[in-house]
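Within every chain, numbering begins at 1; the chains are lettered A, B, ... in the order of the sequence lines, protein sequences first and strands thereafter.
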2 protein chains.
Amino acid sequence: MIIDKNSPIPIYHQIEEQIKAKIENGFLLPDDAIPSEREYAEKFGVSRMTVRQALNNLVNDGFLVRQKGRGTFVSKKKVEQKLQGLTSFTEDMQERGMKPSNKLVHFEIIPAIESVASQLDVPVHTPVYEVKRVRLADDIPMALETTYLPANLIKGLTDEIINRSLYQYIEGHLKLEIDQATQQLEASTARESESKLLEVEKGAPILLILRTSFLKDGTPYEFVRSAYRGDRYKFIHQMSRNSNQS
Amino acid sequence: MIIDKNSPIPIYHQIEEQIKAKIENGFLLPDDAIPSEREYAEKFGVSRMTVRQALNNLVNDGFLVRQKGRGTFVSKKKVEQKLQGLTSFTEDMQERGMKPSNKLVHFEIIPAIESVASQLDVPVHTPVYEVKRVRLADDIPMALETTYLPANLIKGLTDEIINRSLYQYIEGHLKLEIDQATQQLEASTARESESKLLEVEKGAPILLILRTSFLKDGTPYEFVRSAYRGDRYKFIHQMSRNSNQS
DNA sequence: AAGTGGTCTAGACCACTAA
DNA sequence: TAGTGGTCTAGACCACTTG
């Protein structure tokens, strides 16, 4: 382990990366004590505060745990933040080791009904794209997904773009910055029309996911209603305690 | 604003709390610039590094945003974070404006079966508390919840503690630091036994939530299986696109 | 008693932004 | 050019844990 004091990369960041690498490569194992802050400071020829800045970042990222009077230790898990964050159906299935595919049921511009308009924060009857797809995993139906997009925001949409990647079109071509989404999950049972497309019995368990997605400036750009087969899909999700204690 | 240098509470924490209070009380509004680090240092008669530690914590908690060369500003949102993070049933129902209550079905120490043992990362047959409760909202059944806790970690549990607040006992009395949890959500239908306790028809939609919760050092301390009534409960959840860039 | 992380000081130079 | 946050130093005393 060696650092370059003349590098434009901050020293604390260099230290951080090297310790992180040791953890990820297995040179440092869970529950191992790492050298003390003073040891690192001497070894690298830097001040202890600089070492602390590196360690603080690793603690915040969940790689290390401090214990007063004892030392600093490698975290037990660092449960990978995998399925965190906004993922598309395609990304989601790939994470799960399945092959995603689509069947476009229909694609058209319609005037927004009230429930859609309110989610997208536009007046009722504003033109919106309605995209209805059966989502397959390993060629078996997984979900029935209906997406609504404001036509004046997501311009020039074609069925070809949808089949390639909607997110890439929005971020890459339209240069809009996707920020976050709110989801609602609830249990339901398959309606007649859904049961046929999903190839399950009528009344079979369905996981309904309603998602409204926003751009960086807060504009909603997408409202999605997905009906997942209860027998095939589990939604997985991580959350932390300290996100909002005040 | 004034700080007490002789207080056992660290100075940076005192500064932190006072700035946070100003934001929450509306004395500092979103996009407002706060005084510079040097101004704070002089005003409080402390070093700039101490001020920085306070501001860093507020930045990490999402209250402030730094901009190189410009200054430090109050975050736009911070309201959004609501139903984020790990919440108890009690907190969850209160957020939703409902009155939470419990009915203890049973409470005992049993040897862990395989599925529970693997979630809690202990050998099979290790003693665990099993706590089964009907969770009510406005006096109507909302969920059937079964919690498993390793008996050698969560010591001295009584039904009274459970009825008060399990989390407060773990954090306040046992001094363990709760960190994060992984959840699995799936749609199912009510079994005979569940339908009776939840007061729904057999076969009614059920939202199953399986949660494994971890301490700061990565030790799992709790595995919970909750069966929520599909007709009464929706799980709400926010996520951002850039959650995991390192 | 020795070592650890937690807190804190009083400076310093840098890159960046704004006027 | 003046002011800001970003980085860094070389110390210090504290409370805590362990031998």
Hey, does the side chain of B:Ser36 come within less than 4.0 Å of D:dG3's phosphate (OP1/OP2), counting only N and O? no
Salt bridge (Lys or Arg N to Asp or Glu O under 4.0 Å) with A:Glu16: which residues, sequence neighbours excluded? none
Show every ring pair (Phe, Tyr, Trp, His ring centres under 6.0 Å) that has at least one partner inside residues 10-46 of chain B, sequence neighbours left out. B:Tyr40-B:Phe44
If the sugar-phosphate is the primed atoms plus P, OP1 and OP2 and the base is the rest, what is the B/S/- string for nucleotides 6-14 of chain C, using protein heavy atoms under 4.0 Å? BBBBB-B--
Hey, could you give me each pair passing side chain to side chain donor-acceptor pair (under 3.5 Å) that has a residue in residues 110-127 of chain B? Not counting sequence neighbours. B:Gln119-B:Thr212
May I have all residue pairs that pass ring pair (Phe, Tyr, Trp, His ring centres under 6.0 Å) and include part of residues 101-124 of chain B, sequence neighbours excluded? B:Phe107-B:Tyr129
Pairs touching residues 28-37 of chain A that satisfy salt bridge (charged side-chain N to carboxylate O under 4.0 Å, His left out), sequence neighbours left out: A:Glu37-A:Arg48, A:Glu37-A:Arg52, A:Glu37-A:Arg66
